[in-house]
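Since the structure comes first, as structure tokens, the remarks are kept for the end.
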Amino acid sequence: MRRRAPCPGRITCAPMTSAPDAAPGPGAKGALTARATDFPRWYQDVVARAELADNGPVRGTMVIRPWGYGIWERLQAALDTRIKEAGADNAYFPLFIPEAYLRLEAEHVEGFSPELAVVTQAGGKELEEPVVVRPTSETVINSYFAKWIQSHRDLPLLINQWANVVRWELRPRLFLRTSEFLWQEGHTAHATRTEARDYALKILSDVYLSTMQGVAAVPVITGHKTVRERFAGAIRTWTCEGMMGDGKALQMGTSHELGQNFAKAFGIQFSDELGAQQYAWQTSWGVSTRLIGAIVMAHGDDFGLRLPPAIAPVEVVVLVVRDDEGVHRAAQSLVADLVAAGHRVRLDDRTDTGFGRRSVAWELKGVPARIEVGPRDLAEGNVTMVTRHDRIKTTVPLGGAVVEVTAALGGTAAALWAEAEAARAARSTAVTTVAEALEAGAQGFATLAWSAVGPEGEDRLAKEAITVRCLQGPDGGLAEDGDDEDSLVAVVGRSY
RNA sequence: CGGGGAGUAGCGCAGCUUGGUAGCGCGCCUGCUUUGGGAGCAGGAGGUCGGGGGUUCAAGUCCCCUCUCCCCGACCA
């Protein structure tokens, strides 16, 4: 990487004086808990100190603060573009669902009933028919699909909605598990099983994998869930599983083949080309604000959050080091140049607050690049650039700062990706027995033949809080329709 | 629901054993000096001690009741 090398055109290339081992310890003022010391505590600290979110007044609820919501908006934009490219249109369905709808699909209601919030009183009186707050919208949406779909010409029907959903949680964790969260849920109906399956896989790769890996720079593995782990009401659940900094897996998104389960429950039928009545084949798929938690836990370090530029609400912050007219002028014009170059920029000219405090604040928030404009550098026509992911400081000529920042931002995502992938590789082990999987799975991902596990092995693993995260084909790719169960590979580990 | 803990300033906590003026750190406000990695000094604001009852001359502290929250055991984006 150019910035590390002694570099012509620059005056100095210095790493920061405080190496990672100079991380603030427990005694330091306002320090973060070290990630290796207590990962859950570190996570909470980062979420709080980076001002991503607060706990809501009702247990399990979450207030998403502007910085956290800014990340969500960037993720949303990336996902929404891809969803539309996949042909789905946005729509909106109601928050309240008749309780009776949930009961129409047996597995579905069984899967969700423990976490339903049910409204029994409204308008000052008991409701004759209780309504549930949607935990997901299969039931309402499909009841309308049944009305809208009459002919094979109405298919495929591809709908997405951005919404909040409620699943009452006993053990809440900000972004990862809250009683209310924001997500996107897609619901589609197709004429054939193959078409539905292909669409579920298209979403998995072209929307989810593309966003998680290409935008958020989080490496994920894909595969399908075991019967035990799959979505209530699906015939197959495809999943994206990321590995967090402590070796635990996080389910970051799922895409389901629903078969004809809901079509039969809700009467979604169409006349085919021959005039015969057929039940539609369906999919549903979703990702949520949990992705923010994934980004924190996959990329964060002892100094706080680290964001890939594509989802950072601010890509570059220009810091006025001290109150000086020339410095202010230079900083302002640099901001203008950066904006003109297409970057999301913020000017920090709060010189009534100490420089160190402001630096630390932006570092905690994970802003990918900072430019420090101070009189000392400026006297020599320079500014200092700091890249967040490696915390390396570089002195660059003022006139070349835009080019330098653009180049640095271009390398940030790749660097974060490489680091996360190396961490995952270091915690991934191939094993052959359930006993070995118990050990390796406690540290990270253990891979072994599914035939060596099976539903019985799954129970054994579950006693140690280890689950099958996904099943893959013999070559490590997605399983093909014709694959023999015994040829599959299981990836197991602890999870959030 | 079973087991373990905690409620005192915005946040984190001490004080309770042995009742006697409500404290500390961080944060916040004002002023001055500062500002190139969490600044210093001085001054200041901020409290129904979770709630109710009782004992006592006197309760954050002792007794009874009650509420809430957190952590560990069965599900999930």
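By convention in this document, chain letters (A, B, ...) are assigned in the order of the sequence lines, proteins followed by strands, and residues within each chain are numbered from 1.
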Cation-pi, Trp417(A) ring and Arg424(A) (6.0 angstrom, 45 degrees): no
Nucleotide-resolved protein contact map, nucleotides 67-73 of chain B, B/S/- at heavy-atom distance under 4.0 Å: ---S-BB
Lys/Arg-Asp/Glu bridge criterion (N-O < 4.0 Å) met for Asp246(A), Arg494(A): no
Sugar-phosphate only, base, or nothing, as touched by Asp352(A) at under 4.0 Å among non-hydrogen atoms: nothing
Gap between atoms CG and P, on Asp45(A) and G12(B) respectively (whole Å): 12 Å
RNA chain B contacts among residues 80-96 of chain A, heavy-atom distance under 4.0 Å: none
Separation of atom CD in Glu229(A) from atom P in C75(B), rounded to whole Å: 9 Å
Of Asp302(A), Asp45(A), Asp38(A), the residue whose pairing with Thr33(A) passes side chain to side chain donor-acceptor pair (under 3.5 Å): Asp45(A)
Sugar-phosphate only, base, or nothing, as touched by Glu372(A) at under 4.0 Å among non-hydrogen atoms: base
Rounded distance in Å between the C1' positions of G60(B) and U21(B): 14 Å
Protein-nucleotide distance (Asp302(A), atom CG; G38(B), atom C1'), rounded to Å: 16 Å
Touch class at under 4.0 angstrom, heavy-atom based, for Val287(A) against every strand present: nothing
Whole-Å distance separating the CD1 atom of Ile371(A) from the C1' atom of G36(B): 15 Å
C1' spacing across the pair C13(B) / A22(B), given as an integer number of angstrom: 14 Å
Nearest-Å distance once atom C1' is located in both G54(B) and G19(B): 15 Å
Where protein sits on nucleotides 3-9 of chain B, one letter per nucleotide: B base, S sugar-phosphate only, - none, heavy atoms under 4.0 Å: -------
Pairing of Arg329(A) and Asp324(A) as salt bridge, 4.0 angstrom limit: no
Touch class at under 4.0 angstrom, heavy-atom based, for Thr289(A) against every strand present: nothing
Rounded distance (Å) that lies between atom C1' of A39(B) and atom CZ of Arg358(A): 13 Å
Validation row, ring centre His187(A) to ring centre Phe262(A) under 6.0 Å: no
Main-chain N/O of Ala216(A) paired with His299(A) side-chain donor or acceptor, under 3.5 Å: yes
Per-pair stack call Trp183(A) and A77(B), 5.5 Å, 30°: no
Any donor-acceptor N/O pair, Thr178(A) side chain to Phe175(A) backbone, under 3.5 Å: no
C1' gap between U8(B) and G51(B), integer Å: 14 Å
Complementary nucleotide of C11(B), counting Watson-Crick and G-U pairs under 3.5 Å: G25(B)
Gln184(A)/Asp80(A) under side-chain hydrogen bond (donor to acceptor under 3.5 Å, both in side chains): CA gap, chis, key distance, verdict: CA-CA 9 Å; Gln184(A) 144 290 306; Asp80(A) 200 58; over 6 Å; no
Check: His256(A) side chain, Thr283(A) main-chain N or O, donor-acceptor pair, under 3.5 Å: no
Sugar-phosphate only, base, or nothing, as touched by Thr178(A) at under 4.0 Å among non-hydrogen atoms: base
N or O in side chain of Arg322(A) less than 4.0 angstrom from U35(B) OP1/OP2: yes
Touch class at under 4.0 angstrom, heavy-atom based, for Gly286(A) against every strand present: nothing
Closest contact, heavy atoms only, Thr412(A) versus Leu307(A): CG2-O, 4.1 Å
Contacting residues from residues 290-301 of chain A, given that a heavy atom lies under 4.0 angstrom of RNA chain B: Arg290(A)
Whether Arg427(A) side chain and Ala423(A) backbone form a donor-acceptor pair below 3.5 Å: no
Candidates A77(B), U35(B), G38(B) - which lies nearest the side chain of Thr351(A): U35(B)
5'-most by nearest nucleotide on RNA chain B - Lys463(A) or Val321(A): Val321(A)
Solution key, residues 313-320 of chain A side-chain donor-acceptor pairs under 3.5 Å, sequence neighbours excluded:
{"residue": "Glu315(A)", "atom": "OE1", "partner": "Arg344(A)", "partner atom": "N", "Å": "2.7"}

Whether Glu51(A) side chain and Pro66(A) backbone form a donor-acceptor pair below 3.5 Å: no
Between A77(B) (P) and Arg469(A) (CZ): distance, integer Å: 9 Å
Arg460(A) bridged to Glu456(A) by N-O distance under 4.0 Å: no
Touch class at under 4.0 angstrom, heavy-atom based, for Thr353(A) against every strand present: base
Distance, rounded to the nearest Å, where Leu176(A) contributes CG and C75(B) contributes C1': 16 Å
Gap in Å between the two C1' atoms, one belonging to G47(B) and one to C24(B), rounded: 15 Å
Same-atom distance (C1') from C41(B) to G52(B), integer angstrom: 47 Å
Euclidean distance, atom CG of residue Leu116(A) to atom P of C75(B) [Å, nearest integer]: 17 Å
Out of G38(B), C75(B), G36(B), whichever nucleotide has its closest atom nearest the side chain of Arg228(A): C75(B)
Option passing side-chain contact (heavy atoms from CB on, under 4.5 Å) with Leu95(A) (candidates Val133(A), Val132(A), Val165(A)): Val133(A)
C1'-based separation of A14(B) from G7(B) [nearest Å]: 14 Å
Given C76(B), G38(B), G37(B), the nucleotide with the shortest approach to the side chain of Arg49(A): G38(B)
Watson-Crick or G-U wobble partner of A42(B), both distances under 3.5 Å: U30(B)
C1'-based separation of C49(B) from G44(B) [nearest Å]: 23 Å
CA sep, side-chain torsions, deciding dist, call: Glu372(A), Phe355(A), side chain to side chain contact (heavy atoms under 4.5 Å, CB included): CA-CA 10 Å; Glu372(A) 304 172 355; Phe355(A) 169 78; 3.3 Å; yes
Those residues that, when tested against Asp54(A), pass salt bridge (Lys or Arg N to Asp or Glu O under 4.0 Å) (two or more places apart): none
Nucleotide nearest Arg177(A) (side chain, heavy atoms from C-beta), chosen from A77(B), G38(B), G36(B): A77(B)
Side chain of Glu115(A) (C-beta onward), nearest among G37(B), G38(B), C75(B): C75(B)
